[in-house]
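Before any comments, here is the structure.
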2 protein chains.
Amino acid sequence: MSSVDFKHLYISICTMINTLREELPKLKIIQGDALKERYVHIWKMHEGLNALAVVLPETTAQLSKILSLCHDADQAVVVHGGLTNLVGSTECTSTDLVISLERMNKIIELDSDSRTLIVEAGTILENIHKEVENHDLLFPLNFGAKGSAQIGGIISTNAGGLRVFRFGMTRQLVLGLEVVLADGTVISSLKKIIKDNSGYDLKHMFIGSEGTLGIITKAVLKLVEKPKSRQSCFVAFDDYTKVVQFLKYMDKGLAGTLSGYELIWGNTYKAMTSPPAQASPPLAHGHTYYVLLESLGADPNYDKNRMLELLESALENNQILDACIADGDSDLNWFWTIREDVHVIKSRCAIDHHFDISMPISLIGELISDMKNTLEKIDGVHAVYPFGHIADGNMHLIVDRKSNDPELIKSINDTVYLPLKDVNGSVSAEHGIGIHKKAYLHISRSESEIQLMRLLKNKLDPKGILNQGKIFD
Amino acid sequence: MSSVDFKHLYISICTMINTLREELPKLKIIQGDALKERYVHIWKMHEGLNALAVVLPETTAQLSKILSLCHDADQAVVVHGGLTNLVGSTECTSTDLVISLERMNKIIELDSDSRTLIVEAGTILENIHKEVENHDLLFPLNFGAKGSAQIGGIISTNAGGLRVFRFGMTRQLVLGLEVVLADGTVISSLKKIIKDNSGYDLKHMFIGSEGTLGIITKAVLKLVEKPKSRQSCFVAFDDYTKVVQFLKYMDKGLAGTLSGYELIWGNTYKAMTSPPAQASPPLAHGHTYYVLLESLGADPNYDKNRMLELLESALENNQILDACIADGDSDLNWFWTIREDVHVIKSRCAIDHHFDISMPISLIGELISDMKNTLEKIDGVHAVYPFGHIADGNMHLIVDRKSNDPELIKSINDTVYLPLKDVNGSVSAEHGIGIHKKAYLHISRSESEIQLMRLLKNKLDPKGILNQGKIFD
């Protein structure tokens with residue numbers, strides 16, 4: 001860029017902020033030194049934000065005006081929610097205007113009969129959980145970052161988590177959306193109804209599009225009755241085929257109450273339950289696979305006995321090698337801390353390299369074993385820890401690597417991502433593409449699919465101002 | 001149209017068929033007198049089809065070529081599946097080329113471990129049911145027209161049915177799609193995975209778009225384990241508030257096994273269970289509301305006792321007025337025939353006028369009562385029969401009217417549709433818009449939503465050749 005371009009850029013930046021101040025005198029704008037107190041990701045709170053400015057609208061009308069002005073001025077914007085995204089979607093540059101939804105955090109309406117909640121996009125997931133539990137209801141979406149993640153960001157990335165098997169991804173839990181398009185147009189459909197076949201279901205275009213097609217401002221969420229009973233057990237296997245057969249057996253046996261079926265590779269389980277990890281192992285080390293299973297039911301005594309009966313019968317028939325059932329809340333807490341405390345694994349790594357991939361359930365055993373073996377032969381890889389939501393075909397791998405050498409990183413990425421093409425898998429099960437996975441998008445999606453995505457992007461955001469360079473260039 | 005235009009039209013029609021014959025010599029084409037043996041809807045099998053011709057591709061490649069040729073020649077096409085659509089989406093004119101998917105009816109792969117089925121779009125729903133039941137699995141989608149409806153049409157209208165409450169609409173049961181766009185481009189994503197957040201989820205654009213954005217050729221369907229136990233009961237109420245409270249109570253009490261909660265208005269129930277209807281009433285006539293409830297579980301004894309316990313407790317607490325539980329398959333058949341045999345109601349009508357609307361659950365009681373009262377005061381309306389999937393907020397009304405007087409029809413439509421605007425309801429819960437509901441689309445959707453739909457349509461089908469005039473003009 002020539003010096004003339006810099007001058008032009010500087011003038012247009014000053015103009016943009018001045019225009020925003022003039023047109024929206026009540027809008028909170030953070031710029032200059034004050035940006036040092038903000039950050040780009042919750043794991044980088046020590047690094048000040050590098051951006052043109054941060055604006056914090058309080059209403060949809062304000063956001064609409066902001067986008068309309070940005071659209072007119074070709075001003076690139078990056079949307080910030082709870083900053084827990086794992087694929088770089090909240091990263092920005094010094095010329096980006098950051099729009100934070102944190103001030104749009106009101107719970108608008110809880111309808112206990114329709115079992116719906118209307119919220120603003122900046123509402124934190126944990127606050128939603130608390131609100132609905134007061135009404136003996138449950139918003140089933142649950143994951144580690146719930147104390148920071150905002151529902152707008154959650155919807156824009158179609159987050160998954162621990163109970164997708166029973167309740168679905170975020171997509172299945174959103175009944176209606178209000179979205180502001182790149183040019184400031186407000187598309188609002190906040191219906192508290194499960195069924196609406198009146199024309200195209202536009203909300204699905206925005207769910208999971210990582211803020212590149214519009215900015216979500218409000219949502220109608222689907223709630224369920226709060227379960228009265230929660231049961232869990234750990235089960236051990238040496239044969240992957242039996243892991244799948246046991247999933248089918250338990251799903252059938254527990255009818256609609258099975259809510260979680262988490263697979264943990266033997267070495268990962270050992271790492272999760274050996275010092276310095278604080279948790280002791282509920283089942284002995286040494287098996288090839290461990291499954292942590294959850295049911296959410298209505299009748300604690302029956303549900304526990306039912307799980308016990310099914311486990312006993314499976315043991316007798318050699319379907320499983322060992323099992324133990326959680327006895328009360330303290331056991332439940334013990335069991336689930338093992339699965340959820342991924343930091344225990346990360347702390348063992350020189351540098352942790354996290355994967356989130358999906359593939360047909362029946363292929364996971366062989367495919368992940370092959371990947372693990374190949375990865376462990378790479379010079380610079382210390383260890384590989386697989387675990388994941390196997391009932392959804394979703395596996396996570398944490399690879400312990402020694403350095404940030406680009407060739408090492410590429411070699412690791414290629415080993416994990418390239419085999420997914422042949423099995424019709426995905427390079428991103430629940431985290432999205434952002435900027436970190438762009439180079440591998442073609443593994444999951446055909447050229448004609450990517451062309452169609454670009455066509456949508458170009459039509460809805462012709463100037464390309466929304467989350468530039470996210471998903472594709 | 002002038003005579004010169006007719007000549008031009010005739011020439012272009014001859015050219016189109018000749019081109020198809022030349023380019024695709026193996027393609028089956030039906031035209032001329034042979035069209036008299038085809039029809040536009042399964043209820044109009046006595047009327048011959050009025051169309052340019054019917055083509056019956058056997059492969060996606062053939063269909064792609066057909067659409068590419070039609071696109072080049074500005075040839076309008078109408079897609080035919082099982083012809084069970086209820087809003088006129090299969091209607092065509094003498095200049096339309098009909099594309100029937102009936103020869104693309106292969107079941108490609110059943111994966112019992114991944115619990116997925118890959119099928120061609122022309123596969124009939126009942127054939128899918130039979131195939132998966134052989135593997136002790138269930139495809140939960142179920143409705144009256146299952147013996148004719150083809151899965152491609154089902155997906156393109158996002159059909160609902162009797163078990164949406166537990167298993168979702170068609171949309172929730174589709175994991176992947178292959179679609180041919182208006183210009184012949186094939187978009188294929190036939191993944192057997194539940195989670196895929198790699199870029200935009202394009203399949204949702206085509207699901208429910210009534211064939212106006214592309215033609216579905218293959219689908220990956222999500223299956224569930226076949227339940228081992230099915231229980232049902234009829235329950236009576238005089239107070240709508242209690243109907244909703246009882247839904248919440250039973251949903252909580254039956255945990256994940258509640259699969260159906262069908263509301264039948266008192267007069268509808270009486271009509272369904274009085275001569276000439278053959279079914280006798282499981283509960284006495286005279287109550288205001290009846291609910292037919294279903295659970296699908298894993299343990300017949302426990303499930304039945306659980307339902308009995310919950311009903312007894314509800315009776316003691318005056319939550320319900322009366323109840324009876326199905327004892328075995330013959331009772332189940334008796335109970336569900338009452339609900340499913342809508343022809344019993346239709347046969348009572350001079351002319352039956354069917355509605356499919358949705359609204360927040362809590363408002364159904366008052367809103368439907370008001371509609372019923374207002375309708376019954378219209379000169380030319382004999383009776384109004386409400387019933388529906390109340391757990392989904394979806395009600396059907398059958399209005400018995402004396403004539404086809406356009407003013408009478410408009411008056412009835414206005415009475416049902418106009419109040420839905422204020423309550424954020426929908427003029428089409430599960431049937432779609434087609435051509436019959438176009439005039440009321442603005443009740444469910446805002447002008448900006450309709451603009452965005454048009455934008456998508458114009459971008460994906462710039463020449464407007466796919467199902468012209470369906471959803472909007």
Side-chain angles (χ1 to χ4, degrees), chain A residues 111 113-114 158 160 169 172 185 187-189 191-202 204-205 208-209 225 227 244 248 251-257 297-298 358-362 392-394 424-433 441 444-446 448-449 452-453 455-456 459 471, chain B residues 111 113-114 158 160 169 172 185 187-189 191-202 204-205 208-209 225 227 244 248 251-257 297-298 358-362 392-394 424-433 441 444-446 448-449 452-453 455-456 459 471:
Chain A
D111 181 338
D113 287 344
S114 297
N158 186 31
M169 302 282 278
Q172 272 84 55
T185 303
I187 301 281
S188 184
S189 184
K191 292 191 193 149
K192 302 191 290 181
I193 51 179
I194 289 166
K195 287 178 168 178
D196 182 10
N197 275 352
S198 57
Y200 307 161
D201 195 338
L202 299 170
H204 289 291
M205 206 160 56
S209 65
E225 297 297 326
V244 177
K248 288 169 66 70
D251 192 12
K252 202 179 263 293
L254 294 171
T257 64
S358 61
M359 65 217 84
I361 294 171
S362 51
D392 312 320
N394 179 192
N424 260 331
S426 173
V427 298
S428 178
E430 48 183 19
H431 296 168
I433 296 296
L441 180 61
S444 296
R445 312 298 293 267
S446 66
S448 57
E449 286 181 279
L452 186 49
M453 290 183 212
L455 187 143
L456 289 176
K459 198 69 196 175
I471 303 183
Chain B
D111 180 339
D113 287 344
S114 297
N158 186 32
M169 301 282 277
Q172 272 84 56
T185 303
I187 301 282
S188 184
S189 183
K191 292 191 192 150
K192 302 191 290 182
I193 51 179
I194 289 166
K195 288 178 170 178
D196 183 9
N197 275 352
S198 58
Y200 307 162
D201 196 338
L202 299 170
H204 289 291
M205 205 159 56
S209 65
E225 297 297 326
V244 177
K248 287 169 66 70
D251 192 12
K252 201 179 265 291
L254 294 170
T257 64
S358 60
M359 65 218 82
I361 294 172
S362 51
D392 311 320
N394 179 193
N424 260 331
S426 173
V427 298
S428 179
E430 48 183 21
H431 295 169
I433 296 295
L441 180 61
S444 295
R445 311 299 292 267
S446 66
S448 57
E449 285 182 280
L452 186 49
M453 290 183 211
L455 187 143
L456 289 176
K459 198 68 196 174
I471 302 182

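In the text below, chain A, chain B and the rest are named by the order of the sequence lines, each starting its count at 1.
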Checklist entry - Between A:Y200 and B:I471, does a side-chain contact (heavy atoms from CB on, under 4.5 Å) hold up when you go through it step by step? => result CA-CA 9 Å; A:Y200 307 161; B:I471 302 182; 3.6 Å; yes
Next on the checklist: Checking A:L456 against B:L202 for the side-chain contact (heavy atoms from CB on, under 4.5 Å) test, could you report, in this order, the C-alpha distance in whole Å, the side-chain angles of both residues, the deciding distance, and whether it holds?
Outcome noted: CA-CA 10 Å; A:L456 289 176; B:L202 299 170; 3.9 Å; yes
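Of the atoms belonging to B:S362, heavy atoms from both backbone and side chain fall under 4.5 Å from chain A. Of the atoms belonging to B:I433, heavy atoms from both backbone and side chain fall under 4.5 Å from chain A. Contact annotation for A:M453: both backbone and side-chain heavy atoms come within less than 4.5 Å of a heavy atom of chain B. Heavy atoms closer than 4.5 Å to chain A are found nowhere in B:P227, neither backbone nor side chain.
Evaluation of the side chain to side chain donor-acceptor pair (under 3.5 Å) rule for B:K459 yields no partner, not counting sequence neighbours. In this structure B:S188 satisfies the side chain to side chain donor-acceptor pair (under 3.5 Å) test with no other residue, sequence neighbours excluded.
The most heavy-atom pairs under 4.5 Å with chain B, out of A:L254, A:L452, A:T257, come from A:L452. Most heavy-atom pairs under 4.5 Å with chain B: of the set A:G199, A:G160, A:S209, this distinction falls to A:G199. The greatest number of non-hydrogen atom pairs below 4.5 Å with chain B, out of A:I361, A:D201, A:D392, A:D111, is found for A:D392. Considering only heavy-atom pairs separated by less than 4.5 Å from chain B, the leading option among A:P360, A:A429, A:A255 is A:A429. Interface remark: of the candidates A:S446, A:G208, A:S358, A:S358 forms the most heavy-atom pairs closer than 4.5 Å to chain B. Contact count against chain A (heavy-atom pairs under 4.5 Å) is highest for B:G256 among B:G432, B:G253, B:G256. Across A:V244, A:D251, A:D196, the residue that shares the most heavy-atom pairs under 4.5 angstrom with chain B is A:D196.
Closest non-hydrogen pair, A:K191 versus B:G425, comes out as CE-O, 3.4 Å. The shortest non-hydrogen separation linking B:S426 to A:I193 is CB-CD1, 3.8 Å.
Between atom OG of residue A:S189 and atom CG of residue B:N424 there is a gap of 7.0 Å, rounded to the nearest 0.5 Å. Annotation: the span from B:K195 atom NZ to A:N394 atom CG amounts to 4.0 Å, rounded to 0.5 Å. Here B:I194 contributes atom CD1 and A:E430 contributes atom CD; the two are 12.0 Å apart, rounded to the nearest 0.5 Å. One finds the CE atom of B:M205 at 8.0 Å from the CE atom of A:M205 (value rounded to the nearest 0.5 Å). For the atom pair OG1 of B:T185 and CD of A:E449, the computed distance is 12.5 Å after rounding to the nearest 0.5 Å.
When atom types are taken as modelled, the side chain of B:S444 and the backbone of A:S198 share no donor-acceptor pair closer than 3.5 angstrom. At least one donor-acceptor pair under 3.5 Å links the side chain of B:N197 to the backbone N or O of A:N158.
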